[in-house]
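This report refers to the structure that appears directly beneath it.
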Amino acid sequence: MPEAMQTRILAAIRGIPRGKVSTYGDVARAAGHPGAARRVAWTLHRSVGLPWHRVLGAGGEIKLRGDSAIEQRLRLEAEGVAFRGRRVDMKDHRFQNRATRKPRRRKK
DNA sequence: GATATGACGTCAT
DNA sequence: CATGACGCCATAT
């Protein structure tokens, strides 16, 4: 049911705290839909009133073009997010919780 | 139902 | 690091 999916994706996006960032893929996983990164991007484009600037592509790279990309970067820097070249320093600003954590297989 | 599109991701080269 | 191919999801026509 796409409805619930949409709701959970929105919730995941709204859950990103100020000064932190996430990625399309992580948001999708947090919503319980790994692989639906594209769906997340679509949602962000459609819906309004969301912290869209806190969502980046894998590796902390801005996937927008032109002015939008500039604006996103400025907004993030205004929140204290540090950039390393054209990417965000995910090591310090990546918002992750149990759900977004990548399942590492322990021992063998 | 087939095809195209989008603020994607991962892997191979 | 740059490209290309393929996979993935939901919509739009």
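The figures that follow rest on heavy atoms only: side chains count, while hydrogens, waters and symmetry mates do not. Every chain is numbered from 1, with letters handed out A, B, ... down the list of sequences.
For A:Arg38 and C:dG7, a side-chain-to-base donor-acceptor distance below 3.5 Å is present, hydrogens and geometry of angles not being considered.
The CZ atom of A:Arg29 sits 13 Å away from the C1' atom of C:dC8 (whole-angstrom rounding). If you measure from atom NE2 of A:His33 to atom C1' of C:dC9, you get 10 Å, rounded to the nearest angstrom. Put simply, CD on A:Glu61 is 14 Å from C1' on B:dT10, counting in whole angstrom units. Straight-line distance from the CZ atom of A:Arg65 to the P atom of B:dT5: 14 Å, rounded to whole Å. The distance from atom NE2 of A:His45 to atom P of B:dC8 is 10 Å, rounded to the nearest whole Å. Separating the CH2 atom of A:Trp52 from the P atom of B:dA7 is a distance of 13 Å, rounded to the nearest angstrom. The nearest whole Å value for the distance from the CH2 atom in A:Trp42 to the C1' atom in C:dC9 is 9 Å. Note: CD1 (A:Ile62) to P (B:dG9) measures 13 Å, nearest angstrom.
Comparing A:Arg87 and A:Arg46 by the nucleotide of DNA chain C whose heavy atom lies nearest to each, the residue mapping closer to the 5' end is A:Arg87.
Of the options A:Arg54, A:Lys20, A:His93, a side-chain contact (heavy atoms from CB on, under 4.5 Å) to A:Glu79 is made by A:Arg54 and by none of the others.
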What verdict does the side chain to side chain contact (heavy atoms under 4.5 Å, CB included) test give for A:Gln6 and A:Arg39, after you've listed the backbone C-alpha separation in whole Å, the side-chain angles of each residue and the deciding distance to 0.1 Å?
CA-CA 9 Å; A:Gln6 185 77 344; A:Arg39 185 79 250 288; 2.8 Å; yes
Please test A:Glu61 against A:Leu56 for side chain to side chain contact (heavy atoms under 4.5 Å, CB included), starting from the C-alpha separation and ending with a verdict.
CA-CA 6 Å; A:Glu61 187 177 14; A:Leu56 306 161; over 6 Å; no
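Distances were taken from every side-chain heavy atom of A:Arg39 (C-beta onward) to each of C:dC9, C:dA10, B:dG9; the shortest belongs to C:dA10.
B:dA12 and C:dC8 have their P atoms separated by 16 Å, given to the nearest Å. Atom P of B:dA7 sits at a distance of 23 Å from the matching atom of C:dC6, rounded to the whole Å.
For the pair A:Glu71 and A:Arg75, the salt-bridge criterion is met [side-chain N within less than 4.0 Å of a carboxylate O].
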